[in-house]
Every structure is written in C-alpha cells, then in structure tokens.
Amino acid sequence: MLVATWNVNSIRSRIDHVKEWLITNKIDILCLQETKTEDKFFPIEIFSDLGYEVSISGQKSYNGVAIISRFPINDIKIGFNEVTNDYQDLSILSEQKRIISADINDIRIINVYVPNGSSINSDKFIYKKKWLKCLQVYLREINKNNTPICLLGDFNIAPEDRDIHTPSRYEESIMASSKERELLKDALGGELEDVFRIFEPGEKNWSWWDYRHSAWERDKGWRIDHIYLTEDILSCANSCWIDKEQRSREKPSDHAPVVVDINWPPSDIENEFFF
DNA sequence: ATGGCTGACGCTGTCAGA
C-alpha cells in the first residue's frame with residue numbers, strides 16, 4: 001500500500017500534475033496540503049472519476065488539507081476541536097484549516113499542515129508554537145485508542161541539521177530553531193518515527209526548494225515534509241522516498257511528494273506463507 | 001539574498017508562503 005503526502009501549493013493550479021502523478025504511481029492514499037480553496041471549488045469529481053474517495057477541509061486563498069483514498073474513508077475529524085476540547089486556544093487554532101484525520105484500512109491517517117511561523121520574533125511563531133502544543137494534546141488523545149497511526153504532511157520544520165542544505169546559515173532561524181524542533185519531538189512523544197530516516201540516513205534529501213534564488217537548480221533545499229508511523233506499521237514499511245521529479249516539472253509546486261510503501265494489512269504476509 | 005518566485009484575490013497592487 002502506497003501512502004503519500006504532498007504540499008501542492010493550490011490544488012486548482014496543480015490538478016493536472018496531481019492527477020497524472022496519482023495514476024502513474026498507483027498511490028492508494030494521498031494527503032494534500034495548501035489546497036488553497038474553499039470546499040465548494042475543490043475538484044472532487046476528478047478524483048472520484050478515478051475511483052478515489054475525497055475528504056476535504058479548505059478555506060479561501062490559504063491553507064487547506066485533503067485526503068484522497070482508494071479505500072473507504074471513515075470517521076473523519078476536521079480541525080483540532082473534533083478530537084480534543086480541553087485546549088485553551090482551540091477556537092483560534094481551528095480558524096485555519098490545517099488538520100484532517102480519518103480511519104482508512106484500520107490506520108488513523110492524520111494529515112497536517114503545520115504553520116510556517118514567518119520568523120522567530122513574530123506573532124506567527126507564537127501561533128506555530130501553540131499549534132504544535134495542541135497537536136501534542138491531539139495525538140495523545142488519538143493514541144488512547146491504540147490504533148496504528150500514520151501522521152504525515154508539511155511540518156515546516158527541519159528536524160535535524162542534515163535536513164537543511166546549509167545549516168550554519170539557518171541556526172535558530174525559522175523552520176530550524178531548537179524550540180520548534182523540541183515542540184515537534186514532544187508532539188511525537190517517542191511513539192511516532194520519521195520513516196524516511198529509517199531507510200535514508202544521508203544528507204541532501206530535500207522535499208522543498210524555494211521558488212527564488214534558483215534554489216532548485218542549485219539543489220538548495222530543506223526536508224520539511226515527513227511521514228511518521230507508530231511501531232505497528234513501521235515494522236511493515238518496505239521503503240520511503242521523495243519524488244524529486246515532480247519539482248523539476250513546468251509550473252511545479254515548491255514541494256515534492258513523499259511516499260511510503262507499507263505491507264498492509266499485515267495479514268497479507270501471513271497469507272503468502274499459507275498459499 | 002536586505003524577500004530577488006508563485007498563487008489567490010481581484011484589479012494592474014497586496015498578502016502570504018517558507
């Protein structure tokens with residue numbers, strides 16, 4: 001089973017790329033961020049015509065997340081407030097459409113678009129910190145159910161220096177600061193593993209290249225799009241990769257998709273022994 | 001790179017992203 005995450009920077013601008021990529025790569029579950037459209041304008045029928053179910057949480061111009069799945073999507077939860085109700089800034093944190101989760105094939109799929117934060121001394125960074133703390137509460141709540149979790153999306157954080165092209169230039173700046181790295185780590189709580197790093201420990205593995213400064217041509221990127229798995233699915237993961245080719249296309253998103261291949265449901269393996 | 005691309009909105013400029 002192939003599960004993917006992709007910040008598409010507007011689904012309506014990227015629809016041809018997304019559709020083609022989905023078909024060519026036989027993706028089973030695709031989580032999108034920055035769809036940048038109200039739900040009424042989301043091109044649902046393009047995906048349903050291909051046999052996918054679609055769950056969306058969008059807003060005008062900014063943010064927006066979506067789950068596109070070949071398998072039935074159950075128990076959809078939009079925003080933080082449908083999962084947790086004991087966090088103080090819940091109403092402010094729910095205004096921006098940045099999180100959607102659902103049960104698919106007995107996995108809790110959690111699709112997030114973490115705020116960028118703008119700069120360390122801005123109000124937006126305060127918002128980012130609050131958002132990450134609320135994510136921690138949210139994940140604790142979902143973890144109580146003991147279902148396998150796949151948390152994926154655009155985290156707007158490079159977890160380590162090897163996830164930045166020139167780390168020395170970005171010490172304690174946005175997306176690289178120790179504070180946001182710590183908050184992300186706290187949210188993951190030791191339960192969720194960055195599956196890409198299980199298979200690929202090396203440097204120069206980026207998922208985002210700035211549109212400016214010829215960042216793509218100079219391969220100056222960051223790895224800020226991640227897939228985190230709980231141990232029960234992690235042990236079924238075969239591989240994880242970043243599809244850089246999508247960043248090289250005409251009119252690309254500034255992010256490339258990240259894909260994980262999982263042997264799921266795990267009973268398939270047992271069946272191979274029997275038959 | 002002191003915000004130098006891109007997209008949305010809606011109007012020929014402004015905001016936001018990362």
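Keep in mind that this is a model prediction, so the values were computed, not measured. Chain letters run A, B, ... following the sequence lines, proteins first, then strands; residues in each count from 1.
For the residue pair A:Asn74 / A:Asp103, no side-chain donor-acceptor distance below 3.5 Å is found, with atom types taken as modelled. No donor-acceptor contact under 3.5 angstrom links the side chains of A:Glu34 and A:Asn63, judged on distance only. Judged by distance alone, the side chains of A:Asn145 and A:Thr147 never bring a donor and an acceptor atom under 3.5 Å apart.
Partners of A:Glu160 according to the side chain to side chain donor-acceptor pair (under 3.5 Å) rule, which considers only residues two or more places apart in sequence or in another chain, are A:Arg162.
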Return the polar atom pairs (N/O with N/O) between nucleotides 13-17 of chain B and the protein under 3.5 Å, or none.
residue	atom	partner	partner atom	Å
B:dG17	OP2	A:Lys124	NZ	3.2
B:dG17	O3'	A:Tyr113	OH	3.4

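Annotation: of the two residues near DNA chain B, A:Gln59 and A:His213, the 5′-most nearest-nucleotide partner is A:His213. Where A:Lys60 and A:Arg169 meet DNA chain B, the nucleotide closest to each residue was compared, and A:Arg169 sits on the side nearer the 5' end.
One atom, CD of A:Glu38, and another, C1' of B:dG7, lie 15 Å apart when rounded to the nearest Å.
If you chain together ILVMFWY residues whose side-chain heavy atoms come under 4.5 Å of each other, A:Ile23 ends up grouped with A:Leu2, A:Trp6, A:Val8, A:Ile11, A:Ile15, A:Val18, A:Trp21, A:Leu22, A:Ile27, A:Leu30, A:Leu32, A:Phe42, A:Ile44, A:Ile46, A:Phe47, A:Leu50, A:Tyr52, A:Val54, A:Ile56, A:Ile68, A:Trp241, A:Val259.
Using cut-offs of 30° and 60° on the angle between ring planes, the pair A:Trp208 and A:His255 is tilted.
Taking 4.0 angstrom as the limit, A:Ser13 places none of its side-chain polar atoms (N or O) nearer than this to OP1 or OP2 of B:dG7. Applying the 4.0 Å criterion to OP1 and OP2 of B:dT6, one finds that A:Arg247 has every side-chain N and O outside that range. A close approach under 4.0 Å does not occur between any side-chain nitrogen or oxygen of A:Arg14 and OP1 or OP2 of B:dT6.
Straight-line distance between the C1' atoms of B:dT12 and B:dG7: roughly 16 Å, to the nearest whole Å. Annotation: B:dG10 and B:dA16 have their P atoms spaced 14 Å apart (nearest Å).
Residue A:Trp222 is classed as having no contact, given no heavy-atom separation below 4.0 Å to the nucleic acid.
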